[in-house]
Amino acid sequence: MLHMIEHVFLEQTLVAAFAVVGAVMWISLMLSRRLTAGRVHGSAIAIVIGLGLAYVSGLVTGGQKGLATSRCSPGSA
């Protein structure tokens, strides 16, 4: 099972990118329901999570590269 997951993240990066986006959306929808009782939409929380990830990846790379070009992220070029 672990070998299959590793294969998806290393060889099938487009599928892995969709899985990561789906996981972020699922987490943001759960946060929307639990923390705000649905007053703040889940997609708004997902956008904030995405902006936070972009900011952190910019700090880590010194502003030269983004999250998509890091070695640990799916969908790398």
Tabulate below the donor-acceptor pairs under 3.5 Å that side-chain atoms of residues 40-56 make, not counting sequence neighbours, or state none.
| unit_1 | atom_1 | unit_2 | atom_2 | d |
| --- | --- | --- | --- | --- |
| His41 | ND1 | Ser43 | N | 3.2 |
| His41 | ND1 | Ser43 | OG | 3.0 |

Clusters formed by hydrophobic residues whose side-chain heavy atoms approach within less than 4.5 Å: which one holds Leu10, and what are its other members?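 For Leu10, no cluster forms, as it stays isolated from other hydrophobic side chains.
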Among the clusters formed by ILVMFWY side chains lying less than 4.5 Å apart, do Leu35 and Ile27 turn up in the same one?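 Hydrophobic grouping puts Leu35 with Ile27.
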If you look only at pairs with a residue in residues 27-40, which of them pass as a side-chain hydrogen bond (donor to acceptor under 3.5 Å, both in side chains), with sequence neighbours excluded?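 Of all non-adjacent pairs touching residues 27-40, none passes side-chain hydrogen bond (donor to acceptor under 3.5 Å, both in side chains).
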About how many Å separate CD of Gln12 and CE of Met4, when rounded to the nearest 0.5 Å?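 Separation between the atoms: 12.0 Å.
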